[in-house]
Student: 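Let me give you the structure first, and then I'll get to my questions.
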Amino acid sequence: MAAFSKSIPHNCYEIGHTWNPSCTVSTLQVTAGALEASFKIYAPLYLIAAILRRRKKDYYLKRLIPEIIQSTSFLTANGGLYIAFFCILRRLLGRFYSWSTGFGAALPASYIAILIERKSRRGLLTIYMANLATETIFRMAVRRGMVSPIKHGEILLFCLTASIYMFFFRKDGLQGFAFSALKFIVGKEELPTHSLQAENAYKGAPERGAIESESERRERPQSQPASCRTSIAALTRRLLESVCKRGPRHRCCKHYHDNCISYCVKGFIRMFSVGYLIQCCLKVPSTFRQAFTKPSRLLSLLYHKENFQLGAFLGSFVSIYKGTSCFLRWVRNLDDELHALVAGFLAGISMFFYKSTSISMYLFSKLVETMYFKGIEAGRLPYFPYADTLIYAVSTAICFQAAVMEVQNLRPSYWKFLLRLTKGRFLLMNREVLDIFETGASQEFQGFRPKLDPKYTLFPPAVDVQLD
């Protein structure tokens, strides 16, 4: 681990903006590149979001452009101010410390940038960056031998997170997007508000349970018009209705129109389709570019392995949760909110189909945020007015520190994002000199050495300078 008290006497041209010796010009170049990249990110993002949310004409005329400009300015400032503070710190301190190249320069830059962004988006950005920073710190600790990774740890974390989330969902303890998302995924039948309706529906025949007697089945009207019997569509409909309505269904179950088996099967099919379509849509932009030169790429879009993996993940999550909930109702003969803890944990095993540390960490971060605000509402935890801005600034600074000193511990997708934001200039840092801090700074850049103008350097490129 690098000692924070150690330093090197190089100037900022030799370490940071190796493509241009001028601090001012380099800052303007990074800012211009970040502005272009930010606009390309936020313009289509806000436009698509407005279309999906069915915004009215007034939004497009008065709010869309200002929101795009504000978010673009935030991201541009984050990139441009970083290189500015990189140079400012070098001038103030007179040399580079291991913390000043990344964390020290990114901390004030990120804090100023997040203040530019809309307040409604600060929370979401904070959760994302806190999640990313936590993952980065964990990777750093593993690399240094401080902790040992747990096999399938992301799945275990997801199981625990899903268990608590589903418990809050059953207790009406969630609001906003989290509640709407879970309601869409698992269905409104699992909402606690339907419990009274379910009890009333079965009040007249509690002794019947969920299995229809043979006499009831014989008494059900079987006659259908001749034209319907000869119709394939009508026969299919009757078959589906028969499968869904006949069979075991506990009196506490709230899926009125299905038995427990078909309830789970239909949940799997629905969410498998949703996951499959989502993954297909995510691959459309990259595939569409090659559609004219390689038409076969369009066909590969339909049967790509990741499409089925995401579908299986979402479908099995829903079916396992619903199946476990129904099973516990049968075993305990009641509908208890505590069932959600067991059902949610078992449903988390579905992540074996689609392993993702990012998903597990993000949901865990959101869960911590939810529990923190519940603690505030209960008067057990203090409220910090500017916690989101501080957490965002510190988290982003940690990620920038990794991007400079040990990029191998940074999430690859975020590293690609930084390269896009800076037009690839993050690659041009002189990490061979930073290897003296013993963080493996140049590990992923073996053989790269920037071409520096000797007129603006303090040391010849081939000279190794010892730590002070």
Student: Name all residues meeting the side-chain contact (heavy atoms from CB on, under 4.5 Å) criterion together with F352; count only those two or more places apart in sequence or in a different chain, and write none if there are none.
Tutor: H152, I155, I349, K355

Student: Considering non-hydrogen atoms only, spot the tightest contact between A340 and Y321 and give its length.
Tutor: CB-OH, 3.7 Å

Student: Are R95 and I8 close enough, and set up right, to give a side-chain contact (heavy atoms from CB on, under 4.5 Å), and what steps lead you there?
Tutor: CA-CA 6 Å; R95 51 183 53 238; I8 52 177; 5.8 Å; no

Student: So among R170, R329, R332, which one has a side chain to side chain donor-acceptor pair (under 3.5 Å) with H339?
Tutor: R332

Student: Give, for atom CE of M351 and atom OG of S360, the distance between the pair rounded to the nearest 0.5 Å.
Tutor: 3.5 Å

Student: Whether the S120 and R118 side chains hold a donor-acceptor pair (N or O, under 3.5 Å, no angle test) is what I'd like checked.
Tutor: yes

Student: Tell me whether S395 contacts the main-chain N or O of Y392 through its side chain, where contact means a donor paired with an acceptor under 3.5 Å.
Tutor: no

Student: State, with a plain yes or no, whether a side-chain heavy atom of C23 is found less than 4.5 Å away from one of R91.
Tutor: yes

Student: How close do D435 and G440 get, heavy atom to heavy atom, and via which atoms?
Tutor: OD1-C, 3.8 Å

Student: Under the side-chain contact (heavy atoms from CB on, under 4.5 Å) rule, what do E14 and V433 come out as? Steps first, then yes or no, please.
Tutor: CA-CA 9 Å; E14 293 173 288; V433 178; over 6 Å; no

Student: Using the rule given for side-chain contact (heavy atoms from CB on, under 4.5 Å), can you reason through M405 versus W99, listing the C-alpha separation, both sets of side-chain angles and the distance that settles it, and then say yes or no?
Tutor: CA-CA 9 Å; M405 300 298 294; W99 56 268; over 6 Å; no

Student: How many angstroms lie between CG in L107 and CD in Q401, if you round to the nearest 0.5 Å?
Tutor: 11.0 Å

Student: I need the full list of salt bridge (charged side-chain N to carboxylate O under 4.0 Å, His left out) pairs touching residues 377-394, with sequence neighbours left out, sorted by first then second residue.
Tutor: none

Student: Salt bridge (charged side-chain N to carboxylate O under 4.0 Å, His left out) with K423: which residues, sequence neighbours excluded?
Tutor: E36

Student: Any idea which heavy atoms bring E406 and T439 closest together, and the distance?
Tutor: CB-O, 3.6 Å

Student: Please check if the distance between the ring centroids of F168 and Y165 is under 6.0 Å.
Tutor: no

Student: Of all heavy-atom pairs between I116 and Q70, which one has the smallest distance, and what is that distance?
Tutor: O-NE2, 2.9 Å

Student: Are I41 and R420 close enough that some pair of their side-chain heavy atoms sits under 4.5 Å apart?
Tutor: yes

Student: For S148, enumerate each residue passing the side-chain hydrogen bond (donor to acceptor under 3.5 Å, both in side chains) test, keeping only those at least two apart in sequence or located in another chain.
Tutor: none

Student: List for me each residue that meets side-chain hydrogen bond (donor to acceptor under 3.5 Å, both in side chains) alongside E117, sequence neighbours excluded, and say none if there are none.
Tutor: S71, R121

Student: With a 4.5 Å limit on heavy-atom distance, are the side chains of Y414 and M129 in contact?
Tutor: yes

Student: Determine, using ring centers only, whether F158 and F313 are less than 6.0 Å apart.
Tutor: yes

Student: Determine, step by step, whether F317 and F272 satisfy the ring pair (Phe, Tyr, Trp, His ring centres under 6.0 Å) criterion, reporting the C-alpha distance in whole Å, the side-chain angles of both residues, the deciding distance to 0.1 Å, and the verdict.
Tutor: CA-CA 10 Å; F317 180 88; F272 178 89; over 10 Å; no

Student: Could you tell me whether the side chain of H17 reaches within less than 4.5 Å of the side chain of C87, counting heavy atoms only?
Tutor: yes

Student: Start with the C-alpha distance between S442 and R431, add both sets of side-chain angles, then the distance that settles side-chain hydrogen bond (donor to acceptor under 3.5 Å, both in side chains), and finish with yes or no.
Tutor: CA-CA 5 Å; S442 67; R431 290 178 171 83; over 6 Å; no

Student: Count the heavy atoms of every other residue, nucleotide or ligand shown that sit under 6.0 Å from OH of Y42, and state whether that count exceeds 12.
Tutor: yes

Student: Would you compute the distance between atom CD1 of I391 and atom CD1 of I127 and round it to the nearest 0.5 angstrom?
Tutor: 7.5 Å

Student: Can you establish whether the number of heavy atoms outside I150 located under 6.0 Å from its atom CD1 is more than 12?
Tutor: no

Student: Would a 4.5 Å heavy-atom cut-off, applied to side chains only, mark L419 and L427 as touching?
Tutor: yes

Student: N20 and S26: which non-hydrogen atoms are nearest, and at how many Å?
Tutor: O-OG, 3.2 Å

Student: On the 0 to 90° scale, with breaks at 30° and 60°, tag the W415-F445 ring pair as parallel, tilted or perpendicular.
Tutor: perpendicular

Student: May I ask you to decide whether R144 forms a salt bridge with E438, counting only side-chain N to carboxylate O separations under 4.0 Å?
Tutor: no

Student: Answer yes or no: is there a side-chain heavy-atom contact under 4.5 Å between V318 and F268?
Tutor: no

Student: Please give me the minimum heavy-atom distance between T136 and C399, naming the atom from each residue.
Tutor: OG1-SG, 4.3 Å

Student: Does A393 offer a backbone N or O that forms a donor-acceptor pair with the side chain of T396 under 3.5 Å?
Tutor: no

Student: Heavy atoms, side chains only, cut-off 4.5 Å: are L89 and Y97 in contact?
Tutor: no

Student: As a quick check of understanding, evaluate side-chain contact (heavy atoms from CB on, under 4.5 Å) for T101 and F400, giving each step before the final call.
Tutor: CA-CA 9 Å; T101 57; F400 270 72; over 6 Å; no

Student: Check whether Y46 forms a cation-pi arrangement with R55 (NZ or CZ under 6.0 Å from the six-membered ring centre, at most 45° off the ring normal).
Tutor: no

Student: Sequence neighbours left out, what pairs pass ring pair (Phe, Tyr, Trp, His ring centres under 6.0 Å) with at least one residue falling in residues 103-133?
Tutor: none

Student: Look at the side chain of N11 and the backbone N and O of Y456, then say whether any donor-acceptor pair between them is shorter than 3.5 Å.
Tutor: yes

Student: At what distance, to the nearest 0.5 angstrom, does CD1 of I65 lie from OH of Y59?
Tutor: 9.5 Å

Student: Report, as yes or no, whether the 6.0 Å neighbourhood of atom CZ on F448 holds more than 12 heavy atoms from other residues, nucleotides or ligands.
Tutor: yes

Student: Do Y13 and N430 pass the side-chain hydrogen bond (donor to acceptor under 3.5 Å, both in side chains) test, and can you show the C-alpha distance, the side-chain angles, and the key distance before you say yes or no?
Tutor: CA-CA 9 Å; Y13 169 57; N430 193 358; over 6 Å; no

Student: About how many Å separate CZ of F74 and CD1 of I114, when rounded to the nearest 0.5 Å?
Tutor: 4.5 Å

Student: Is there a side-chain contact between I112 and F85 in this structure, where contact means two heavy atoms from C-beta onward sitting under 4.5 Å apart?
Tutor: yes

Student: Without swapping roles, check the side chain of S163 against the backbone of C159 for a donor-acceptor pair under 3.5 Å.
Tutor: no

Student: When rounded to the nearest 0.5 angstrom, what is the spacing between OG in S38 and CG in N78?
Tutor: 9.0 Å

Student: Can you tell me if Y372 has over 12 outside heavy atoms packed within less than 6.0 Å of its OH?
Tutor: yes

